[in-house]
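For reference, the structure discussed in these notes is given below.
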Amino acid sequence: MEQRLGLVQTGDGTGVSYASVGTGRPLVYVSGWLTHLQLGWELPAERALYESLAQGCRLVRYDRAGCGLSPATDRPPSLEFELEQLAAVTATLDGPFDLMGSSMGAPVAVAWAATHPDTVRRLVLYGGWARGAEVSPPAVQAHVLGLVASHWGLGSDLMTDIFAPDADGPTRAGVARYQRACSSAATARALLALSYDLDVTDRLPHVQAPTLVVHRADDRAAPVAQAEALAAGIDGAGLVVLPGRSHLPYAGDRDGLVRVVRRFLGLSVPRRSADGLTPRQREVAGLLSQGCTNREIAARLGIDERSAEGHVERILLRLGFRSRAQIAAWFSARRDVV
């Protein structure tokens with residue numbers, strides 16, 4: 001899959017960059033805190049999440065103003081501004097769409113669904129909250145905000161420890177660098193402060209779309225009690241609590257999360273082999289066992305070299321390996337057993 005980039009504007013001319021991948025019924029994804037459409041697509045674990053969600057539908061996501069590919073803005077963050085940006089992105093779509101809010105994007109998605117009930121077919125809330133002030137104690141919030149503002153390097157490392165404790169080393173290092181590349185320290189601090197200020201408890205009863213709330217049991221960034229509050233406040237909402245500590249949806253058991261979401265949205269849930277690899281990934285693993293380079297793999301499979309590299313990175317993540325040699329040895333051993 002390759003993503004397609006575009007730019008829209010809010011009523012006051014604020015630019016918002018968005019990306020879409022896949023085809024079919026739209027699934028609009030409201031991300032948490034900081035994003036970068038291009039760098040996120042290049043992070044293997046994050047890209048694997050988007051590609052999995054986009055199978056059989058059109059996944060649309062965007063960088064909020066001042067982040068990633070979206071131009072800087074003088075407007076301070078607010079829920080109203082968040083909704084204006086979401087409105088600009090969804091104006092490019094025809095008819096109702098599925099809406100998924102992750103982390104800080106969850107209360108934003110709630111506010112949208114409550115205000116624009118005719119536009120939302122189904123609503124998914126992952127890792128979110130109803131009242132940001134209850135995500136963590138005031139003293140902890142003040143400490144985190146101060147560190148992000150005063151030392152963005154240490155601040156991004158701290159946020160990565162909170163967001164992705166289950167991620168492997170390379171993914172954690174990539175996430176920390178990714179956060180720093182997404183925005184300035186000032187913007188990061190302002191958006192984090194907004195996440196603590198968001199309170200959509202009064203909007204929950206107005207959500208009419210069928211809703212699924214998904215949360216990880218030991219999420220270190222948002223307590224599961226907030227997921228319970230979201231589900232209790234929305235009439236008929238379902239709640240699924242998955243095992244794990246990671247707040248980022250692509251860290252930890254990504255596939256388990258994707259299966260739950262796709263099933264709720266009425267999308268097919270693809271079967272995987274026992275090793276968790278796709279047929280193409282098993283082809284690549286086989287070529288690695290023959291000693292092929294990325295260029296040779298690309299030539300053999302009729303793909304570009306960058307795609308071959310991406311397949312190798314996703315195989316490493318899937319199998320928990322750190323080197324091509326480990327993949328080759330694993331494939332050879334598996335072939336010998338079979």
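In what follows, every heavy atom counts, from backbone to side chain, and hydrogens, waters and symmetry copies are set aside.
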Any idea how H215 and Y126 line up, ring-wise: parallel (<30°), tilted (30 to 60°), or perpendicular (>60°)? tilted

Here the gap from Q326 atom CD to L288 atom CG, rounded to the nearest 0.5 Å, amounts to 12.0 Å

To the nearest 0.5 Å, atom OG1 of T10 lies from atom CG of L83 at 12.0 Å

Output for pair (I327 CD1, S289 OG), nearest 0.5 Å, gives 10.5 Å

Donor on one side chain, acceptor on other, Q3 and R61, under 3.5 Å
yes

Do the side chains of L69 and H36 get nearer than 4.5 Å, heavy atoms only? yes

Q38 and E42: side-chain donor and acceptor closer than 3.5 Å?
-> yes

Between R47 and E2, is there a side-chain N and carboxylate O pair less than 4.0 Å apart?
yes

Looking at E283 and R280, is there a salt bridge between them, counting it only when a charged N and a carboxylate O are closer than 4.0 Å? yes

Q: Kindly indicate whether the side chain of V124, heavy atoms from C-beta on, has any atom under 4.5 Å from the side chain of D98.
A: no

Q. Do S136 and Y196 have side chains that get closer than 4.5 Å, going by heavy atoms?
A. yes

Note: G15 and P71 closest approach over all heavy atoms is O-CD, 3.4 Å

Those residues at least two apart in sequence (or on a different chain) that pass ring pair (Phe, Tyr, Trp, His ring centres under 6.0 Å) with Y62 are none

Donor-acceptor contacts, no H, no angles, side chain residues 110-117, under 3.5 Å, sequence neighbours left out:
residue, atom, partner, partner atom, Å
W112, NE1, T119, OG1, 2.9
T115, OG1, A111, O, 2.8

message: If we ignore hydrogens and angles and just use 3.5 Å, is the side chain of S156 paired with the main-chain N or O of W152 as donor and acceptor?
response: yes

Value for CZ (F81) from CZ (R64), rounded to nearest 0.5 Å, stands at 10.5 Å

Exercise. Taking the side chain as C-beta and beyond, is there a heavy-atom pair between F264 and V240 under 4.5 Å?
Worked result: no

Strictly distance-based, threshold 3.5 Å: is any side-chain N or O of S103 a donor or acceptor partner for the main-chain N or O of G32? no

- request: Look at atom CZ of R306 and say whether more than 12 heavy atoms of other residues, nucleotides or ligands are closer to it than 6.0 Å.
  value: no

Joining Ile, Leu, Val, Met, Phe, Trp and Tyr whenever any side-chain heavy atoms lie under 4.5 Å apart, the cluster holding L7 also takes in none

What one should report as the nearest heavy-atom pair of A222 and W129 is CB-CE3, 3.9 Å

When rounded to the nearest 0.5 Å, the distance separating CG of L192 from CG of L194 is 9.5 Å

So CE of M104 and CG of L34: to nearest 0.5 Å the spacing works out to 9.0 Å

May I have the step-by-step check of side-chain contact (heavy atoms from CB on, under 4.5 Å) for T92 and S20, ending in yes or no? CA-CA 11 Å; T92 65; S20 62; over 6 Å; no

*More than 12 heavy atoms from other groups under 6.0 Å of CZ on R4*: yes

Query - Verdict with supporting geometry, Q290 and L287, side-chain contact (heavy atoms from CB on, under 4.5 Å) - result: CA-CA 5 Å; Q290 299 174 28; L287 293 173; 4.1 Å; yes

